[in-house]
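Read the structure below first, then the notes.
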Amino acid sequence: MPELPEVEVIRRGLLPLVTGQAITSIFCSSKKLRLPIPKQDLLRWIQSQEIIEINRRGKYLIFIFSNDAVMLVHLGMSGKLGIFSQSAPTALHDHLIFKLHNDMQLRFNDPRRFGLIRVFPPGQFSHLDPFKDMGCEPLEHQFSGEYLKRKAGSRLQPIKNFLMDNRMVAGIGNIYANEILFHCGLHPSTPIGSITRPIWQLVAMKTKDVLLRAIECGGSSISDFVNSSGQKGYFQLELTVYGRAGEHCPRCTATIIKQVIGGRSTFFCPNCQK
DNA sequence: CTAACTCCCTGATAGC
DNA sequence: TGCTATCAGGGAGTTA
């Protein structure tokens, strides 16, 4: 389940392999992802164009092409992007394949089809800004305790739901919300309206720490991008609480608890997180 | 206005 | 061994 760090690692892994490459042909499956794959727009605007850069906003990858067309890719729950040789056999659930000028292929594989591919014709991207409601990038300067406090207001919402709300903070999913709150010593149900300025500053700092550390972990396995099994190991980060119900807290002797908060599995140490 | 729920989808796993 | 039930969850949409 790629969240901001995984998406960033994928971006960095792909960059040196695809920038400057023209798309010589495109294969699309007819299966619907979150939305149908825009086959006609891909053929019309992306085919034969060169990849100029790849950016990221939250969990979205933003491919910029030489004609100024833009393709957004969201990996959903199970989406993967990888570079393969032409001779590598295609896999079940390969939904989009770009054949590149250097005879390699960029493949998008997504078993659960929660992913999303969108194409913006040249000049249309900023016009229809799909990120207008998205919150701050947590690794950018303006993401701060002040920002969080302002967004939170006096509402009763549990902080975990708040951190996972992409209108508040971009790119944080269930796993990193759990990890961040552990490192803050905050109970996931803490009402955001009750959180003080210094604690918001702690949240901002720990959010940056956890995400940056995860990106660094992923960076060490970037070489796995070119192989027939796609990228693996971009999940090398040692998770402190997520998925560890019943195990001992690494900081004290208490047992980590699993509880559903906001419809999602939530893991925390009942002793360290108050 | 917020908050809580539903749906989309397949693969891994638990239970029988 | 082989079946079925359950769970995983991002984001959009709907309901309360």
Side-chain angles (χ1 to χ4, degrees), chain A residues 1-11 28-38 56-62 72-81 90-96 107-118 128-138 148-181 188-195 207 211 214 229-230 232 234-235 237 239 241-246 256-268:
Chain A
M1 48 222 77
E3 302 181 26
L4 184 152
E6 289 79 26
V7 175
E8 178 61 20
V9 167
I10 290 166
R11 187 185 77 82
C28 267
S29 82
S30 50
K31 286 269 180 70
K32 182 172 161 291
L33 306 178
R34 216 162 84 203
L35 297 172
I37 300 173
R56 181 189 58 75
R57 178 81 169 94
K59 299 172 194 168
Y60 288 84
L61 287 169
I62 307 168
L72 292 191
V73 177
H74 192 289
L75 300 172
M77 285 299 305
S78 56
K80 292 184 185 68
L81 281 169
T90 56
L92 188 63
H93 310 304
D94 276 346
H95 297 297
L96 181 61
R107 299 181 185 173
F108 174 76
N109 183 284
D110 185 8
R112 291 167 72 175
R113 315 215 303 272
F114 281 18
L116 177 67
I117 308 281
R118 280 186 74 180
L128 283 171
D129 188 356
F131 304 123
K132 61 183 182 332
D133 295 324
M134 192 176 280
C136 203
E137 278 295 317
L148 290 171
K149 186 160 174 40
R150 187 171 73 247
K151 279 287 196 183
S154 57
R155 291 179 293 140
L156 293 170
Q157 185 183 36
I159 185 166
K160 180 175 177 248
N161 303 38
F162 174 79
L163 289 179
M164 288 175 62
D165 185 338
N166 281 267
R167 294 167 301 182
M168 305 297 147
V169 187
I172 297 177
N174 196 35
I175 292 174
Y176 289 101
N178 278 289
E179 294 296 311
I180 290 163
L181 290 172
S189 300
T190 308
I192 52 177
S194 71
I195 296 175
T207 298
L211 297 179
S229 60
K232 57 177 181 179
Y234 68 86
F235 246 135
L237 179 72
L239 298 172
V241 285
Y242 184 83
R244 294 187 180 276
I256 293 169
I257 284 177
K258 175 183 172 182
Q259 183 182 319
V260 173
I261 296 177
R264 297 283 183 256
S265 293
T266 304
F267 300 86
F268 63 99

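These numbers were taken from a predicted model, which means no experiment stands behind them. In what follows, every chain begins at residue 1, and chains take the letters A, B, ... in the order their sequences are listed.
Not a single donor-acceptor pair under 3.5 Å links the side chain of A:Ser30 to the backbone N or O of A:Cys28. Without hydrogens or angle criteria, A:Arg113 side chain to A:Lys32 main chain gives a donor-acceptor distance under 3.5 Å. Not one N or O on the side chain of A:Asp110 forms a donor-acceptor pair closer than 3.5 Å with the backbone of A:His95.
Within the 4.0 angstrom heavy-atom criterion, no nucleotide atom of any strand lies near A:Ser78. A:Leu33 comes within 4.0 angstrom of nothing in the nucleic acid, heavy atoms only. The residue A:Lys31 sits apart from the nucleic acid: no heavy atom pair falls under 4.0 Å.
Separating the CE atom of A:Met168 from the C1' atom of C:dG10 is a distance of 16 Å, rounded to the nearest angstrom. When the C1' atom of B:dT2 is taken as reference, atom CZ of A:Arg155 falls 7 Å away, rounded to whole Å. To the nearest angstrom, P of B:dC5 lies 11 Å from CG of A:Asn161. Note: CD (A:Glu3) to P (C:dA8) measures 15 Å, nearest angstrom. Across the protein-nucleic acid pair, A:Leu35 atom CG and C:dG10 atom P stand 18 Å apart, rounded to whole Å. For the pair A:Met77 CE and C:dA8 C1', the interatomic distance rounds to 6 Å; values are reported in whole Å. Distance A:Leu72 CG to C:dG10 P: 19 Å, rounded to the nearest Å. The interatomic distance linking A:Phe114 (CZ) with B:dC7 (P) rounds to 12 Å, in whole Å.
For A:Arg112, the salt bridge (Lys or Arg N to Asp or Glu O under 4.0 Å) test picks out no residue, with sequence neighbours left out. Residues passing the side chain to side chain donor-acceptor pair (under 3.5 Å) test with A:His93: none are found, sequence neighbours excluded. Residues forming a side-chain contact (heavy atoms from CB on, under 4.5 Å) with A:Lys258 (at least two apart in sequence, or on another chain): A:Ala245, A:Ser265, A:Phe267. Take A:Arg57 and apply the side-chain contact (heavy atoms from CB on, under 4.5 Å) test, not counting sequence neighbours, and it matches A:Ile62, A:Phe131, A:Met134, A:Glu137, A:Ala170.
For A:Gly171 against A:Asn166, the heavy-atom pair with the smallest separation is N-OD1, 2.8 Å. A pairwise comparison of heavy atoms in A:Ala152 and A:Ile192 identifies O-CD1, 3.6 Å as the closest pair.
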| message | For a quick check, with a 4.0 angstrom heavy-atom cut-off, what is the B/S/- contact string for nucleotides 11-16 of chain C, read 5' to 3'? | response | BS----
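Evaluation of atom-type donor-acceptor distances gives a pair under 3.5 Å for the side chain of A:Arg112 against the base of C:dA8.
Helix bend of the helix from B:dT2-C:dA16 to B:dC16-C:dG2: the angle between its two end axes, each built from five pairs, comes to 50° after rounding to 10°.
Taking side-chain N and O atoms only, A:His93 has a distance below 4.0 Å to OP1 or OP2 of B:dG11.
Toward the 5′ end of DNA chain B lies the nearest nucleotide of A:Pro158, the other residue of the pair A:Lys32 and A:Pro158 mapping further downstream.
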